[in-house]
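All of these numbers come straight from a predicted model, not from anything done at the bench.
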Amino acid sequence: MNNDDPQPQNNKPKYKGKYRIDSTRLPAWSYASNAGYFITICTDGKKCFFGEIVQGEMQRSPIGEIAHKLWYEIPNHFSNCQIDSFCVMPNHIHGIWLINQILEGDAMNPRTQEEDAMNRVFFLIHHRIPYLRV
């Protein structure tokens, strides 16, 4: 869209000059709760860091190989997180995480431990593969 095109009348907050879509998250759900989660992790700017599709098949780049390897390392860093199916695409990763938090310590505030675990996952992703945004 260029500046000559009519602009939509929308009061939604913008991010980097683009309209945001409404969240599909359930407002009352803690996404640190025990459950299975389908996640998508995108590269910054939708750049194809992870590889390319050649004749209908994904060909991973060296960075794509690192992303593939790091997916399998997640349970080694987070005992409450199991991994399931995943797929590395040219500019994003789809996967399923299973969180099975066993509460120890501060039983009065379980979200503190769960949120800390999720923050460590995002920290690991951002510092091991800085091209990603979650």
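Of all the heavy atoms in P90 and G51, the pair that sits closest is CB-O, 3.3 Å. Between I74 and C81, the shortest heavy-atom distance links the atoms CG2-SG, 3.8 Å.
One distance of note links OG of S33 with CG of N100; it measures 12.0 Å at 0.5 Å rounding. Considering NE2 of H94 and OG of S85, their distance stands at 12.5 Å, rounded to 0.5 Å. A distance of 8.5 Å separates SG of C48 from CD1 of I53, quoted to the nearest 0.5 Å. Rounded to the nearest 0.5 angstrom, I41 CD1 and F50 CZ are separated by 7.5 Å. Interatomic distance, CD1 of I93 versus CG of L70, reported as 8.5 Å (0.5 Å rounding).
With a 4.5 Å cut-off between side-chain heavy atoms of Ile, Leu, Val, Met, Phe, Trp and Tyr, the cluster of I96 takes in F38, L98.
The side-chain hydrogen bond (donor to acceptor under 3.5 Å, both in side chains) search around H68 returns none, not counting sequence neighbours.
A chain of hydrophobic side-chain contacts below 4.5 Å, direct or via other Ile, Leu, Val, Met, Phe, Trp or Tyr residues, connects W97 to Y72.
Between F86 and W71, the distance from one ring center to the other falls under 6.0 angstrom.
Judged purely by atom type and a 3.5 angstrom limit, T43 uses its side chain to pair as donor or acceptor with the backbone of N91.
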As a quick check of understanding, evaluate side chain to side chain donor-acceptor pair (under 3.5 Å) for H92 and T40, giving each step before the final call. CA-CA 7 Å; H92 64 284; T40 300; over 6 Å; no
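The list of side-chain hydrogen bond (donor to acceptor under 3.5 Å, both in side chains) pairs with a residue in residues 50-64, not counting sequence neighbours, reads R60-E65.
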